[in-house]
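Both ligands and their constituent atoms are indexed starting at 1 by order of listing. Remember, predicted model here, so these are calculated numbers, not experimental data. The residues of the chain are indexed from 1 along the displayed sequence. Values below: all heavy atoms of this structure, side chains included; hydrogens, waters and symmetry mates excluded.
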Amino acid sequence: MQTQTIFAPSTAIGGAIALIRVSGPLCPNIAAAVFDRDITATPRVLRFVRILGEGTVLDDGMACFFPGTKTYTGEPMLEISCHGGSQTVARILHRLGQTGARPAEPGEFTKRAFLNGKMDLSEAEAVMDVVSARAEQSLKAALEQLHGTLSRRIEAIEELLLDALSAIDAAVDYPEEMEEDVSAALPESLQTAEERIDALLLEGQQGRPLREGVYVALIGRPNVGKSSLLNALLGAERAIVTDLPGTTRDTLDEQTAFFGVPVRLVDTAGIRQGGDQVEQIGIHRAHEALSRADVVLLLIDGTGDLTAEDRQLLALTENKPRLVLRTKGDLIQAPEAFGELTISARTGEGLTELQRRIVDLSGAREGAILTNRRHIYALEQAKKALSLGRAAGELTLIATDIREALHHLGAITGRDVDGEVIDRIFARFCVGK
Ligand code: GDP
């Protein structure tokens, strides 16, 4: 079946200029139909054009024709820059729809780039991460992945395993000459492969927060200063600050970044018994937030003594990566008040130190190149298969486990992955990417 030609706006509606991209075999015909001059004769040159409707001029803009396969998608492409007004863009898109092309699905340009061998799957996923990065370190990690750093590490492991497999094949074919040598050398190469996977998995622990954000739950009894701290950290009046206990009814989920690391701050309703129905729902969510948290901030009111409720919360969060904060530092008289760090939402005391400690506790590390849960899972499965292989003893069994490990590694680069997974990954992209 002939590949369909697709089009989509690549810029958000409302800017001064919009970029529309077209990809597929019909690009030369479309250029001939919608521009007032032949831009295919000057490939890769940005040309001024008049964009034509049927008997009308739709807009003046710039357009460029990219022929052949040396393009983003690996297909002929057109890029059209036009005025950004929604009417203009809508009319040009409508016109493109009359030329035999169809609107692109989310991520379809990048999906074609992957299917045409322009990038592997982890690189294609990195495109989305670059677009959606909210913090400096997230962007750096995504760019590393886009540039193939992860792919190269995976390929190096794959090569080791492929060498081991061919050695096994040779030993099975010529048992007298080779079997002993191969059996002797195998454990070492499998171990090396496993060690490299372990190193990557460690980077996964350090990298996942860079992509997903460090999930921080604020917990403490009513009126200890959770909403005030949240506001101080965000620098904005988002949570409702009141003097009535129990007035933060729901979890508030806010995104920010500390030291270039993306952070999600979740203010919980306070985990306590009783209350009305609305408060009960909040309490349920608070428990959920706590179980998901990468870092828990337990707030203790620095102006009073520890209460029974504080003690309950201390016990509840004991096994979590946790920081116990002494709040309302500006009001504290007694320096021996309980807690690890004194903060004041009012004066800002301790807040920079708090941000640093949150990043430290999260384990996030600049430059970690493995950030994506899907990749982490595949590596864990590959590691499992290799561990089984090392224990298997018999060459043909070891070979089966190595193939299994290769299958999981191939899911990361897309060498060995089924269509459904691919569809799911690209469906999360935005249109026009
Ligand atoms: P929450 O119920 O834990 O969310 O507590 P709030 O943030 O609503 O704070 C309860 C009360 O303590 C409010 O009156 C705040 O103004 C006050 N408060 C919170 N943080 C501080 C602080 O750092 N210094 C002082 N002086 N008051 C604070």
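With sequence neighbours left out, H407 forms a side chain to side chain donor-acceptor pair (under 3.5 Å) with D416.
Note: an N/O pair closer than 3.5 Å links G225 and ligand 1 by distance alone. Residue P222 has no N or O atom closer than 3.5 Å to an N or O atom of ligand 1. Not one N or O of D267 is nearer than 3.5 Å to an N or O of ligand 1, by distance alone.
Residues S151 and T413 have side chains that never bring a donor and an acceptor to within less than 3.5 angstrom of each other. No side-chain donor-acceptor contact under 3.5 Å links S362 and Y215. Judged purely by distance below 3.5 Å, without hydrogens or angles, the side chains of R221 and T307 pair a donor atom with an acceptor atom. The closest side-chain donor-acceptor pair between E144 and T149 falls under 3.5 angstrom.
At a heavy-atom distance under 4.0 Å, atoms from both the backbone and the side chain of V224 approach ligand 1. If you look at L331 next to ligand 1, the close heavy atoms, those under 4.0 Å, all belong to the side chain.
Within the structure, ligand 1 has D330 among the residues with a heavy atom less than 4.0 angstrom away.
Set against the non-hydrogen atoms of S344, the atoms of ligand 1 under 4.0 Å away are 23 (O).
Residue pairs that meet the salt bridge (charged side-chain N to carboxylate O under 4.0 Å, His left out) test with at least one member in residues 61-77, sequence neighbours left out, are E75-R112.
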